[in-house]
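All residue numbers refer to positions in the sequence shown, counting from 1.
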Amino acid sequence: MTAPTPLARPGTERPPLRPSALVLLACALVTAALAGTAVALAPASARTPLAWGASAAALALSAAVTVAFHALRSLSLSRRQLAAARQETGRLQQEQTRRAAEFGQEHARLTAAHARELAELTAEQARLREKLTAEHDRVRTSLASELDRVRAELTAENARVRTELTERVRTAESERAAALAACANAAGRMQALATGMLADLREMEGRHADEDVLTDLLHLDHRTAQAGRIADSVAVLTGARSGRR
């Protein structure tokens, strides 16, 4: 792009003085020649006043012609400067119009690009949202199915363990009842046996008078009484009736 040409301010650029000086010199020579001719042709008595008047008129005419020539040159220069200024103004307006058009095109391009990127981002966001929603639904369904399966397995396992424990408790209670019945039966037999032996020992103590025999019989009586008491304790623990009266 061409750099703008700097414009001269009106009145700052002046026409050169050399042409005006040449015009002044030419006018002075012509008027001097005319004045000299007029003085030479005039009577002798009128030559001096005529010389002064002609000189003054020549000077005034030379100055007026010089000033007029300078003014014409200044006017021509001003017109050229004005034309150049108008031309530069037109160029600047064209440059401004061109830049405005470029700016409008760039703005339109950027606006279109922004709209396109926004549309792409919106579509990508919608796609990701749809994908995440579907994934969330799938995971939730999978977790719900897994939870139902685990709950069913735990329920079945709980029922199985409860049934097994109930069966074990029932079996243990049956075994305990059988064991208590067997212990009660054995305790009853031991009680009957101890009672019978005590009766036999007391009868034998009544028949024998030997001290050694009585001592042995008393020892056996004591041991048999201890066995009877143990049988009574076992009977009490098993819930049977005690054999003591």
Side-chain angles (χ1 to χ4, degrees), residues 1-13 77-190 230-242:
M1 184 171 59
T2 306
T5 304
L7 296 177
R9 295 177 56 186
T12 57
E13 185 178 355
L77 180 60
S78 297
R79 286 178 179 177
R80 287 198 303 271
Q81 291 179 352
L82 180 59
R86 288 178 178 176
Q87 184 179 1
E88 184 67 18
T89 302
R91 191 186 65 78
L92 291 177
Q93 289 178 351
Q94 292 178 356
E95 182 71 18
Q96 184 177 4
T97 302
R98 185 182 63 81
R99 290 185 178 181
E102 292 179 354
F103 176 77
Q105 294 176 358
E106 185 68 17
H107 182 267
R109 187 184 66 80
L110 293 177
T111 303
H114 178 265
R116 184 174 63 255
E117 292 179 357
L118 183 61
E120 293 177 356
L121 290 176
T122 303
E124 182 69 16
Q125 183 179 6
R127 187 183 65 80
L128 290 177
R129 183 184 292 111
E130 183 178 358
K131 182 179 179 181
L132 290 176
T133 302
E135 184 69 17
H136 177 263
D137 294 339
R138 186 187 65 79
V139 171
R140 183 173 60 183
T141 303
S142 177
L143 290 178
S145 301
E146 185 69 18
L147 180 61
D148 293 338
R149 185 184 65 80
V150 172
R151 185 183 291 115
E153 291 180 355
L154 290 177
T155 302
E157 183 68 17
N158 186 25
R160 186 186 66 79
V161 172
R162 184 181 299 172
T163 302
E164 184 177 354
L165 290 178
T166 303
E167 187 65 26
R168 288 183 181 181
V169 170
R170 186 180 296 111
T171 302
E173 289 180 352
S174 299
E175 293 177 353
R176 176 177 175 276
L180 289 177
C183 290
N185 189 14
R189 291 183 180 181
M190 286 291 296
I230 292 173
D232 289 339
S233 299
V234 173
V236 171
L237 290 176
T238 57
R241 185 170 60 87
S242 175

| request: Run the salt-bridge test on R99 and E102 with the 4.0 Å N-O cut-off and return the result as yes or no. | output: no

| task | Walk me through it: do R149 and E153 pass the test salt bridge (Lys or Arg N to Asp or Glu O under 4.0 Å)? | result | CA-CA 6 Å; R149 185 184 65 80; E153 291 180 355; 2.5 Å; yes

| Less than 4.0 Å between a side-chain N and a carboxylate O, is that true for E173 and R170? | no

| task | Quick one: pull up CG in L118 and OG1 in T111 and give me the separation to the nearest 0.5 Å. | result | 12.0 Å

| query | Do the side chain of T171 and the main chain of E167 share a donor and acceptor less than 3.5 angstrom apart? | reply | yes

| query | Charged N to carboxylate O under 4.0 angstrom, E130 versus R127? | reply | no

| note | So CD of E124 and CD of E117: to nearest 0.5 Å the spacing works out to 13.5 Å

| With side chains defined as the heavy atoms from C-beta onward, is the minimum distance between Q93 and T89 less than 4.5 Å? | yes

| said: Surrounding CD of E106 (heavy atoms of other residues, nucleotides or ligands, distance under 6.0 Å), is the total greater than 12? | reply: yes

| task | Would you give the length of the straight line joining atom NE2 of H136 to atom CG of L143, rounded to the nearest 0.5 angstrom? | result | 9.0 Å

| request: Give the intermediate values and the outcome of side chain to side chain contact (heavy atoms under 4.5 Å, CB included) for residues L110 and H114. | output: CA-CA 6 Å; L110 293 177; H114 178 265; over 6 Å; no

| field | Value rounded to 0.5 Å, distance of OG1 in T133 from CG in D137 | value | 6.5 Å

| field | 4.5 Å side-chain heavy-atom contact, R91 and Q87 | value | no

| task | With side chain to side chain contact (heavy atoms under 4.5 Å, CB included) as the test, would you mind laying out the steps for L77 and R80 before giving the verdict? | result | CA-CA 5 Å; L77 180 60; R80 287 198 303 271; 3.4 Å; yes

